[in-house]
Amino acid sequence: MASAFMPEQARVPPAVQSPPPPVSKFKIALCQLSVTADKERNIAHARKAIVDAAEKGAQLVLLPEIWNSPYSNDSFPVYAEDIDAGGGASPSSSMLAEVARSLHITIIGGSIPERAGDRLYNTCCVFGTDGKLMAKHRKIHLFDIDIPGKITFMESKTLTAGESPTIVDTDVGRIGIGICHDICFQELGMLYAARGAHFLCYPGAFNMTTGPLHWELLQRARAADNQLYVATCSPARDAGAGYVAWGHSTLVGPFGEVIATTEHEETTVIAEIDYSLIELRRSNLPLEKQRRGDLYQLVDVQRLNSG
Ligand SMILES: O=C(O)CCC(=O)C(=O)O
């Protein structure tokens, strides 16, 4: 028999309405970069792609997961940078801060291996138009997979999982950040939507096994579930690399529609985001009003714990 009883800890504050976005329309660039073993080259190469994207009108630039280093457990400790140390300890994030400030754009800086004390994280830095570091997201769900004969990879061999969801108010809207495998967990996307996000950004590097099946499916699902924009950005594919990335960086709109995408070569996808579509889709199909909060609820643990 159905019960009306709702345990105390499942009573969460109501969802936050998305605040009016600071811009209604803007261009985003997804820089699907080639990545090599040469870190200096990777940094200069990323800078050039960002400058080119800004020249084409992009106000928000998204980079791939692990764009300054090969994606491997051997490389993470070697390429890791101490983002908080200052004084040139993180050439990758210094470049992003400088270019965001000089071009007056918002950058979601993909991810790089981060060193913090004796731990390593897979970390995304968000820079505002003044070049300030606005947020740092450490990948919450580490990618451990074992499909014999196809793909085995254990991020947990070297990396530590982040402990916090990351949502950030930028000049181009309220953005929820996830890194790659974080996209598989729908609760995180729902949580960001419940906290008023307009947009979810996932730097990612899916592979040749899960990429064809899950990459676009998950992006469209997160967008359609939550009626907001979703963008992903992958490294370009290098068939000779130890880890072969799927590519296919994509922007999805709030009806689950693919707005812009690409294949696996190096390129920059530039597309327009129109936030008025979020309201349109939410009034066409009012999922939030139809939701049966009397039967099930998402528990926002952080909001519960903060009283
Ligand atoms: O979830 C997947 O299938 C791929 C995830 C991944 O490649 C990653 O987290 O780096």
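Numbers here simply count residues along the sequence, with the first being 1. When reading the values below, keep in mind they use all heavy atoms of this one structure, side chains included, and skip hydrogens, waters and symmetry mates. First listed ligand is number 1; within each ligand, the first listed atom is number 1.
- Residues of the protein with a heavy atom under 4.0 Å from ligand 1 are Glu65, Tyr71, Lys139, Phe143, Cys180, His181, Cys184, Ala205, Phe206, Asn207, Thr210, Tyr243, listed by chain and number.
- Cluster note: Ile151 groups with Ile66, Tyr71, Phe76, Leu120, Leu142, Phe143, Ile145, Ile147, Phe153, Leu159, Tyr243 through ILVMFWY side-chain heavy atoms spaced under 4.5 Å, whether in direct contact or through intervening members.
- In summary, the side chains of Gln302 and Arg195 do present a donor paired with an acceptor at a separation below 3.5 Å, with no hydrogens or angles considered.
- For the salt bridge (Lys or Arg N to Asp or Glu O under 4.0 Å) test, residues two or more places apart in sequence or in another chain that qualify with Glu155 are Lys139.
- Counting side-chain heavy-atom gaps under 4.5 Å among Ile, Leu, Val, Met, Phe, Trp and Tyr, the cluster of Phe255 also holds Leu285, Leu287.
- Relative ring orientation between His198 and Tyr275 is described as tilted, the plane-to-plane angle lying within the 30° to 60° band.
- In this structure, His248 and Trp246 have parallel ring planes: the angle between them is below the 30° cut-off, well short of the 60° mark.
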